[in-house]
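Residue numbering restarts at 1 for every chain, and letters A, B, ... go by the order of the sequence lines. Values reported hereafter were calculated over all heavy atoms of this structure, with side chains retained and with hydrogens, waters and symmetry mates removed.
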Amino acid sequence: MLNINNIYKNFEDLKVLKGVSTEIKEGEVVSIIGASGSGKSTLLRCMNLLEVPTFGEVWMEGKLLTPVDPYLHREVIEASNTYKKLVAGGIAPDEAIAKIKAEDLLNEKFSSAEGKEYKALIKKIYNENHLDINLARQKMGMVFQQFNLFNNKTVKENIMLAPIKTRTEKIKKAKIENALTKCLNLFRKEKKPLVEITETKAQIVAEAEAKAIELLKRIGLEEKADVYPSTLSGGQKQRIAIVRALAMNPDVMLFDEPTSALDPEMIGEVLDLMKDLAKEGMTMVIVTHEMGFAREVSDRVLFVDEGYIKEDASPEEIFRNPQDPRLKDFLSKVL
Amino acid sequence: MYLITLFEDMGKIFVKYWDLFLIEGLTATILLSLMTVVFGTVFGAVLALVKIGRIKVLKWIVNAVVEVIRGTPMLLQLYISTFLIPVIIPAMNELENKKLICISLTLILNSAAYVSEIIRSGIEAVDKGQTEAARSLGLNGTTTMTNIVLPQAVKNILPALGNEFITVIKETSLASTFYVGELMTTYHIIVGKTHNSLPILMIIGIVYFILNFVLSKALGAFERRMKAHA
Ligand SMILES: Nc1ncnc2c1ncn2[C@@H]1O[C@H](COP(=O)(O)OP(=O)(O)O)[C@@H](O)[C@H]1O
Ligand SMILES: [Mg+2]
């Protein structure tokens, strides 16, 4: 589902992630724990590219979301001038590759410095695998600590906006494309067919509205459909933020401390909704400080510390039998 | 005693020249200000988009121009532009009202510089989380801007834009140096006839004050209504 390959993330001089790799499988519920400031949010936000990784690649369902990282493709390194020089200088191929990786030798500052073959190969890999980030995000819901409901929209509009806009924009694009094809067809002997447009805007809106009402019923807030977010409690806001993401029928949901900004009495209602999602088989990645919850719902727990995933194990192992000394220390503080 | 004479003179002059004050001067001031703010806003919006945009070179140029405009006196800019614009655009010399055009362009550019700051800060004051939420749902940058960020930014921008309008009304008086017909030009015209400065200046002061006072009250009411609807 999601592949995180050797992610580095720097904010100017601050190195937050220093080579993180993991795979999120379909239907899996993965919790990310760690001290505050350790880079949990950064890791999560790199998954949907709200933060663009400095190095490394993110793949979703076999599609590349980031630019190509040459260090992750042996054939790309082999196509580089640096590698060719090293090998010509008598260094064994494997050694040359190791050296280039370890010492960050590829000259990427000047896009032509590594030669045409190298550039062409990167372009080829990108073109064959890359998926537009907006399309990818439509399949990746995200829930924020601060809810981030749209202040200028009612609850229902909050839920309907993305489904309507993303689908109507597709129609708009198809219409423009068709107009262009029609024009060009005037000059063509063999007429090119037009793209078929199967849905109208009215249909899209009606469907989005039905879905929004259904989702609001699910969380028992249908009477709040037409109010603005400022009138809601934190727990209500967060549950609406969750169903707003669900309205896009995502394949995976990312949660960044969804209960950290809530009053204690409201945490339960949000966690219950998340548990339901987990039971239904939703793929979920959850940054959380709710250790009991993480232990209960997770298939796997990642402990992030000092820019690395220090421990990656089942909740049983993480909480019963932690290995990493910093994890032991962390758990002794939070449990 | 002098005050009584002053009030008498003000009365006399106003009765005799009221049309110069209220019809020609005031109308010209309002039109000039309105035009400046409208075009200044449009142009300022473009500059603001460049400022928050990603094209580094354009950004740098716009920031430099804005800083220069904000860092030099308006009167100086008006003087320079009446000389400079005809040099840059020689065709200007053919035009009858080239002075007015130069003055208008300067007022507009000056206002655009300030408005661009108003709009930029209005946009940047919208919580980043709003943009992140929209983008995380797969909406593109344009849709996010037009559906989420701008509608919220307008609430920050409109009040400040109203204040800018009042500032511009006062600044148009500087254009009187070039006799473009607004309120302060009225002063130059009438003083040539009556040779009595103070009463005329007092009248003009009152006209400016009433105009801006009414305007700022109206803006205040508008702002309250907008807040009530938010
Ligand atoms: N946009 C940013 N610019 C600069 N520094 C950032 C930014 N986002 C996060 N950081 C820094 O990166 C580190 C990790 O942050 P974060 O991922 O939010 O930690 P966590 O979620 O584990 O508390 C912190 O030191 C934080 O200050
Ligand atoms: Mg965080």
Engaged part of [X] at the chain B interface, taking heavy atoms whose separation is under 4.5 Å:
X: A:L49; result: neither
X: A:R244; result: both
X: A:F144; result: side chain
X: A:K153; result: side chain
X: A:M248; result: side chain
X: A:N48; result: side chain

Report, as yes or no, whether the 6.0 Å neighbourhood of atom [atom1] on [X] holds more than 12 heavy atoms from other residues, nucleotides or ligands.
X: B:K59; atom1: NZ; value: yes
X: B:F39; atom1: CZ; value: no
X: A:E26; atom1: CD; value: no
X: A:F11; atom1: CZ; value: yes
X: B:I23; atom1: CD1; value: yes

Min side-chain heavy-atom separation A:N134-B:R135 under 4.5 Å: yes
Test item: A:L161 and B:I148 side chains (from C-beta on) under 4.5 Å apart, heavy atoms: yes
Choice from A:L50, A:L135, A:N151 maximising heavy atom contacts with chain B below 4.5 Å: A:N151
Nearest non-hydrogen partners of A:N152 and B:P151, listed with the distance: ND2-CB, 3.4 Å
Smallest separation among heavy atoms of A:A162 and B:L139, with atom names: CA-CD2, 3.9 Å
Residue pair B:E132 / A:N148, side-chain donor-acceptor N/O under 3.5 Å: no
Distance in Å, B:T143 OG1 paired with A:K165 NZ, rounded so as to fall on 0.5 Å steps: 6.5 Å
B:D127 portion near chain A, given a 4.5 angstrom heavy-atom threshold: side chain
N/O donor-acceptor pair under 3.5 Å between B:Q130 side chain and A:L149 backbone: yes
